[in-house]
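To keep things clear, I will list the structure first and then write my remarks on it.
No experiment lies behind these values; they were computed from the predicted model shown. Quick note: residue numbers are just sequence positions, from 1.
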Amino acid sequence: MMTSDKQYRYIWHPYIEMLILVSATLLAAKLYSINFSSTLYRFTAFIFIFGAISLTWLFIIKPKYSLLGLLFVFLFGARLSSEYMLSIGHLRIPLEAIILFALFILYYTKHPISSDAFTGYLFTFVIVLIIVSMVHPGNELLTILLAGPISQFIAYLLFRSVFKTKKRIEQLARGLSILLFLAILYGFVQPFLFGNWVDFIFLRIPSFFYNPNIYASVLILLWPMILISYSDKMRTHKQKTGVIVYIFLCLIAILLTGSRAALIIALVQSLIMLLILRRRSKRDKRKVSKLVMIGVACVIIVFAFWSQSILGTVLRRFEQIDFTAPGNSASERILGAKGAIEIGLSHPLWGVGLGNFEKEYPKTAASQKGILKLESAHNYPLNLFAEAGILVVLLWAIVIAKLIIGMRTALSMHLNTGLSEIAIAFFVSNIGEIAYTTLFYDDVVHKGNGFPMVLWYIVIAIQMNLVKIKENKVE
């Protein structure tokens with residue numbers, strides 16, 4: 001009888017634990033979702049929390065699958081980040097940051113922290129940024145640090161540690177390709193779901209995010225992953241048709257963001273990708289010809305059917321560029337850059353503190369020539385200069401320089417190996433995001449929506465892991 005009781009206890013104990021965990025997860029998802037008035041938002045919030053917590057439990061057993069799943073959960077949760085955060089006094093923390101911290105603790109209690117020179121440079125940048133920010137702390141400092149550089153660095157460490165091998169890198173690359181497809185698809189659907197008719201009517205879709213420029217940042221980062229789908233799925237007519245539709249949707253999504261910078265950078269990325277592909281074997285040159293024909297076909301379709309609406313609207317946005325007219329987005333961004341330089345020169349060592357650009361900008365001479373209230377310089381290095389000082393900017397420049405060296409090394413190592421498409425895709429992806437972040441954009445630092453930059457740090461992590469993999473060349 002004692003044996004029977006013992007067996008019964010051992011058989012049911014895991015199921016009882018699982019029931020408790022599932023119940024607690026459902027309760028947490030329900031409590032979080034009631035903060036939203038919209039039924040659709042409540043449903044999205046419920047799915048986000050349930051998926052995020054469930055995948056956190058899964059991380060204990062299968063870190064690889066958990067991180068892959070969290071990418072998709074975070075994508076849907078990104079729209080919720082600007083709506084609701086966990087508040088503790090004046091501190092507001094995005095739930096994505098909390099989940100990343102939890103995974104970091106779970107992983108590194110059992111595994112050592114692996115590092116190299118690049119990780120050291122990145123770590124130094126983050127630490128110095130945190131220290132310098134304490135000199136002039138703003139009201140949102142902790143929120144910015146937790147949602148921004150700290151979460152980004154933790155994501156980098158996790159993905160760099162888990163996705164080390166060729167097989168795992170290939171799995172993550174395919175996951176990013178699927179993520180791109182969902183981002184594009186949802187970009188077309190969400191204006192109808194969430195009622196953002198104004199953005200859709202004016203052909204500027206924000207997708208998962210409150211801002212079409214942030215959506216453009218994600219597309220710039222992810223669209224080169226099409227190359228991975230193209231390589232794997234061009235065997236049958238059905239697969240070829242699917243890839244053509246994929247490329248077409250991506251092109252339209254970039255156009256619909258209305259971001260002139262994103263469109264220009266995407267075209268430059270395309271040119272770079274084609275030039276790199278031409279360096280490969282004759283077999284791959286025939287692939288390039290097919291890829292070019294597919295791209296040309298997509299462009300012709302856009303001109304033929306939507307030239308007066310989508311493309312026409314984007315072209316009119318280029319016509320509206322005026323660097324002298326007050327209130328024009330182009331002139332205001334130039335003024336924002338000038339204002340950042342003024343602020344940085346006035347506080348060269350420590351800056352004015354993260355999140356304080358908005359408060360300091362009206363005091364600059366540049367702001368007197370404009371009419372818009374700017375929250376940031378719309379330029380990541382200049383915003384760092386204004387808010388954190390010259391030392392942080394120099395450290396960021398070193399990180400980017402080391403990243404570019406790693407990109408070139410990985411590309412030369414794998415241009416004719418089985419990792420060729422992945423190496424090219426990640427190279428082009430990083431080129432685009434470096435340009436977009438450096439020249440045009442930095443709102444992800446301050447908006448409480450850190451997913452786009454977290455995603456970039458994940459791409460950087462895999463880019464640097466490619467340098468560590470030895471792969472035989474394919475003739």
Atom pair CD1 (Ile343) and OH (Tyr361), whose distance is rounded to the nearest 0.5 Å: 8.5 Å
Within-4.5 Å side-chain heavy-atom neighbours: Phe123 and Leu157: no
Pair Leu345-Ile341, side chain to side chain contact (heavy atoms under 4.5 Å, CB included): steps then yes or no: CA-CA 6 Å; Leu345 291 175; Ile341 295 173; 3.8 Å; yes
Nearest heavy atoms of Leu222 and Leu180, plus distance in Å: O-CD2, 3.4 Å
Student check: side-chain heavy atoms of Leu267 and Leu271 closer than 4.5 Å: no
Side chain to side chain, Tyr121 and Leu395, heavy atoms closer than 4.5 Å: no
Interatomic distance, Leu122 atom CG to Ile400 atom CD1 [nearest 0.5 angstrom]: 9.0 Å
Expected output: side-chain Ser66 to main-chain Lys62 donor-acceptor under 3.5 Å: no
Close side-chain approach of Leu219 and Ile184, heavy atoms under 4.5 Å: yes
Aromatic plane relationship, Trp396 with Tyr380 - under 30° parallel, 30 to 60° tilted, over 60° perpendicular: perpendicular
Within-4.5 Å side-chain heavy-atom neighbours: Met464 and Leu403: yes
Distance in Å, Met225 CE paired with Leu179 CG, rounded so as to fall on 0.5 Å steps: 10.0 Å
Exam field: side chain Ser54 to backbone Gly51, donor-acceptor pair closer than 3.5 Å: no
Closest non-hydrogen atom pair, Lys166 against Ile469: N-CD1, 3.8 Å
Thr437 vs Trp456 side-chain heavy atoms within contact, under 4.5 Å: yes
Sidechain-backbone polar pair: Gln152 side chain, Tyr457 backbone, donor-acceptor under 3.5 Å: no
Heavy-atom check, side chain of Leu129 versus side chain of Leu354, under 4.5 Å: yes
Approximate separation, where rounding is to 0.5 Å, of Tyr156 OH and Leu100 CG: 15.5 Å
Check: Asn430 side chain, Phe426 main-chain N or O, donor-acceptor pair, under 3.5 Å: yes
Glu360 side-chain N/O to Val352 backbone N/O, donor-acceptor pair under 3.5 Å: no
Heavy-atom closest pair, residues Phe101 and Ser151: CZ-OG, 4.3 Å
Ile99: which of Leu55, Val73, Ile49, Thr56 passes side-chain contact (heavy atoms from CB on, under 4.5 Å): Thr56
Donor-acceptor under 3.5 Å (Ser161 side chain, Leu158 main chain): no
Ile434 vs Ile404 side-chain heavy atoms within contact, under 4.5 Å: yes
Derivation of the side chain to side chain contact (heavy atoms under 4.5 Å, CB included) call for Lys468 and Asp116: CA-CA 11 Å; Lys468 304 291 185 179; Asp116 58 7; 3.5 Å; yes
Phe72 atom CZ, over 12 foreign heavy atoms within 6.0 Å: yes
Contact summary for Phe159 and Ile462, nearest pair of heavy atoms: O-CD1, 4.1 Å
Gln269 side chain vs Ile431 backbone, donor-acceptor pair below 3.5 Å: no
Nearest heavy-atom neighbours spanning Glu421 and Leu227: O-CD2, 3.6 Å
Minimum heavy-atom distance Leu68-Gln171, with the two atoms named: CD2-O, 4.2 Å
NZ (Lys402) with more than 12 external heavy atoms under 6.0 Å: no
Check: Ser420 side chain, Leu415 main-chain N or O, donor-acceptor pair, under 3.5 Å: yes
Worked check of side chain to side chain contact (heavy atoms under 4.5 Å, CB included) between Val467 and Phe118: CA-CA 11 Å; Val467 180; Phe118 180 82; over 6 Å; no
Working for side chain to side chain contact (heavy atoms under 4.5 Å, CB included), residues Thr119 and Arg160: CA-CA 10 Å; Thr119 303; Arg160 180 109 196 239; 3.3 Å; yes
Gap separating the CG atom of Leu455 from the CG atom of Leu176, nearest 0.5 angstrom: 6.5 Å
Spacing of CD1 belonging to Ile169 relative to NE2 belonging to His414, to within rounding of 0.5 Å: 7.5 Å
